[in-house]
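Atoms within a ligand are numbered from 1 in the order they appear, just like the ligands themselves. For the single chain, residues carry numbers from 1 onward in sequence order. All heavy atoms count here, side chains included; hydrogens, waters and symmetry mates do not.
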Amino acid sequence: MTETEVQRQKEIQQAEELLFAGAQALGFAKGLFQGHFVSDWVMPYPRIPAAQQTELDKTLAELREFLDAKLDPVAIDREADIPREVIDGLGRVGVLGMTAPKGFGGCGFTQMANCKVLEEIGSRCGSTSVFVNAHHSIGIRALILFGTNEQKQTWLPKLVTGEWLGAFALTEKEAGSDAANVQMHARPSEDGSHFILNGEKRYITNAAIARVLTVMARTPVPGSDKTAITAFLVTPDMPGFEMLEPRMPKMGIRGTATGRFALRDVKVPKENILGPPGKGLKVALTVLDFGRTTFGACCTGAAKTCLRLATQHANTRKQFNKTLGNFHLVKKKIARMAADAYAMEAMTTMTASLIDRGLEDYMLETAMLKVFTTERLWEAINDAFQIHGGSAYFLDLPLERMVRDARINQIGEGSNEVLTSFIALVGMRGPGMEFKEIYDTMLKPSRAGIGRAWTAGMHRLGATVRIPDVPVRSAELKSFANQLGRLIWRFNFAVNRALIAYREPILDLQLVQERIAGAAMDLFASTCVLSRLDAETQFGQRNGESPASKNYAAELFLRQSFRRIRGFLAGLSDNDDKALLAAANLVLG
Ligand SMILES: Cc1cc2nc3c(=O)[nH]c(=O)nc-3n(C[C@H](O)[C@H](O)[C@H](O)COP(=O)(O)OP(=O)(O)OC[C@H]3O[C@@H](n4cnc5c(N)ncnc54)[C@H](O)[C@@H]3O)c2cc1C
């Protein structure tokens, strides 16, 4: 085997161990790749239970009052700092421990309710929403999910009030997108009582203001010469903790403290290990699933702000003796923003509800949510900016800050390119394994193999002949539901064809992956929109609303999303990939 092949096999084995250990119920997104519409996860549209909705409404009212009075996004950006008064206030409202168990002082909110809170903050200030995410969605998440009772008792009560702040430290110079390549290492002491950590971390939000950091470091695997990543709780008062740069000057989300630090022979007690030793990468990926969900919520909030600002301006600014909203090219932007904001909210709510309802494996949905909402927000900001013309360029409007703040979203917590590839490959793994079973049996027939290959073949064939049923309750949405079912069928057919045509080299064909992931994301987004629209239509009918009161934005989203899906699928056979790669290769040399 060549060096590249050895590396490939290593990566495949690592991914298999990390992502696919143990049997799990078929989730919605994985079902799409197999040609199924797993309706139980997505229909009817999830609702927050009445008792929690009352609690959430109270919290949101309190939060809005506090933010109206104390949050000044302009000053936060200008001073490159979130004042302690704001952090304390967020703590008082409960934001900094929203999903932590009540027993440790948290609010015990579901992820769905938490997302509503983050949407509110995201609609106002990029810095504050990233700060809250860094502390609550990822900083203290590993402790909540994997901490022992004792660890939680020790750390959580002060973290959930904001008296102490948390951070999540994975990224290093050599471990950016390639998160598994962590170089910081942790050597066990001779008596086994502690680990000695050495290495550097960079780009860590809250690093300089956190009292507790979840740090990923490489530990030896006992009985072998291998190493694996382990999660540790580290505090900056530990001797050898050196803050190299507390606040790296930066373009956007300037209020957050993004830092660089070194650990030099830092002794960390073994009691500070979070989760099983050697399973830190799994811990990190699980934590990031939560971060990506609240990312979606913050982007939804920001997109709604774009829509509000753009609408206000389009209704007041006159040129050519008309308000801007009269021009079709402005209407196009406003309508798309409204459609996308509706979809972003639906997708966030649905993804959060999957976590709340105990779906074990939601990594595809959270990755889709993150890519979809960050890309849609970027477009919404660009459109709102364009509608404002020259005025958007000046500092008295929030749009130039929103552009700067939003740019990190497509890079942080897994760049959108890496996640796009991840969505396609993880999604295709299910049908891919079934094809492998069939190929392997054709090459080396055995009695057991033939049985498995037969089952796999029947699965593939079953999905190929059946158009999945999309069970909406509202008669007026049946046509959309039928179209969605047919597109899922076509998508499954395209996935099968790509797997048969390319086999293992598909692992490198990112242009093919991008189309498959793009179609899958839009299928998921359309499903969330249809489910939400169905619930709203039913509610409207029960309350005697006129059938004429259509939700045009939601319907527009479905039309545009279906059109994009058809485009992605058509692009699998009609594209310029060869010319594109040749041009890039020539330039890259
Ligand atoms: C403001 C800010 C706050 C952050 N906060 C935190 C934090 O709190 N904790 C933490 O651990 N990290 C944090 N990060 C780090 C962040 O998660 C990384 O920047 C991100 O994972 C990308 O890594 P990188 O910057 O090294 O880019 P690289 O890995 O060098 O990637 C650069 C670009 O290359 C492309 N690329 C890379 N790999 C592939 C691939 N396989 N296929 C196709 N294209 C690819 C992508 O376009 C990517 O954007 C933060 C970063 C910033 C800027």
**OP:** Not counting sequence neighbours, which residues clear side-chain contact (heavy atoms from CB on, under 4.5 Å) with Ser415? List them please.
**Re:** Ser177, Glu417, Val418

Give a table of atom pairs where an N or O of ligand 1 lies under 3.5 Å from a protein N or O.
residue  : atom   : partner : partner atom : Å
ligand 1 : 5 (N)  : Tyr203  : O            : 2.9
ligand 1 : 5 (N)  : Thr205  : OG1          : 2.8
ligand 1 : 8 (O)  : Thr205  : N            : 3.0
ligand 1 : 8 (O)  : Thr205  : OG1          : 3.3
ligand 1 : 9 (N)  : Phe168  : O            : 2.8
ligand 1 : 11 (O) : Leu170  : N            : 2.9
ligand 1 : 11 (O) : Thr171  : N            : 2.9
ligand 1 : 11 (O) : Thr171  : OG1          : 3.1
ligand 1 : 12 (N) : Thr171  : OG1          : 2.6
ligand 1 : 14 (N) : Tyr203  : O            : 3.1
ligand 1 : 23 (O) : Ser177  : N            : 3.4
ligand 1 : 29 (O) : Ser177  : N            : 2.9
ligand 1 : 29 (O) : Ser177  : OG           : 2.7
ligand 1 : 31 (O) : Ser177  : OG           : 3.4
ligand 1 : 42 (N) : Gln510  : NE2          : 3.0
ligand 1 : 47 (O) : Glu417  : OE1          : 3.0

**OP:** Not counting sequence neighbours, which residues clear side-chain contact (heavy atoms from CB on, under 4.5 Å) with Asp405? List them please.
**Re:** Ile253, Arg401

Using a 3.5 Å cut-off and no angle test, enumerate the donor-acceptor pairs between side-chain atoms of residues 156-167 and protein atoms at least two apart in sequence or in another chain.
residue : atom : partner : partner atom : Å
Thr161  : OG1  : Lys158  : O            : 3.1
Thr161  : OG1  : Glu163  : N            : 3.2

Original post:
In a check of side-chain contact (heavy atoms from CB on, under 4.5 Å) between Phe232 and each of Leu263, Thr214, Thr219, Leu274, which one passes?
Top reply: Thr219

**OP:** May I ask you to establish whether Lys370 and Phe295 are in a cation-pi arrangement, using a distance under 6.0 Å from NZ or CZ to the six-membered ring centre and at most 45° from the ring axis?
**Re:** yes

Original post:
Any chance the side chains of Gln510 and Asp508 put a donor and an acceptor closer than 3.5 Å?
Top reply: no

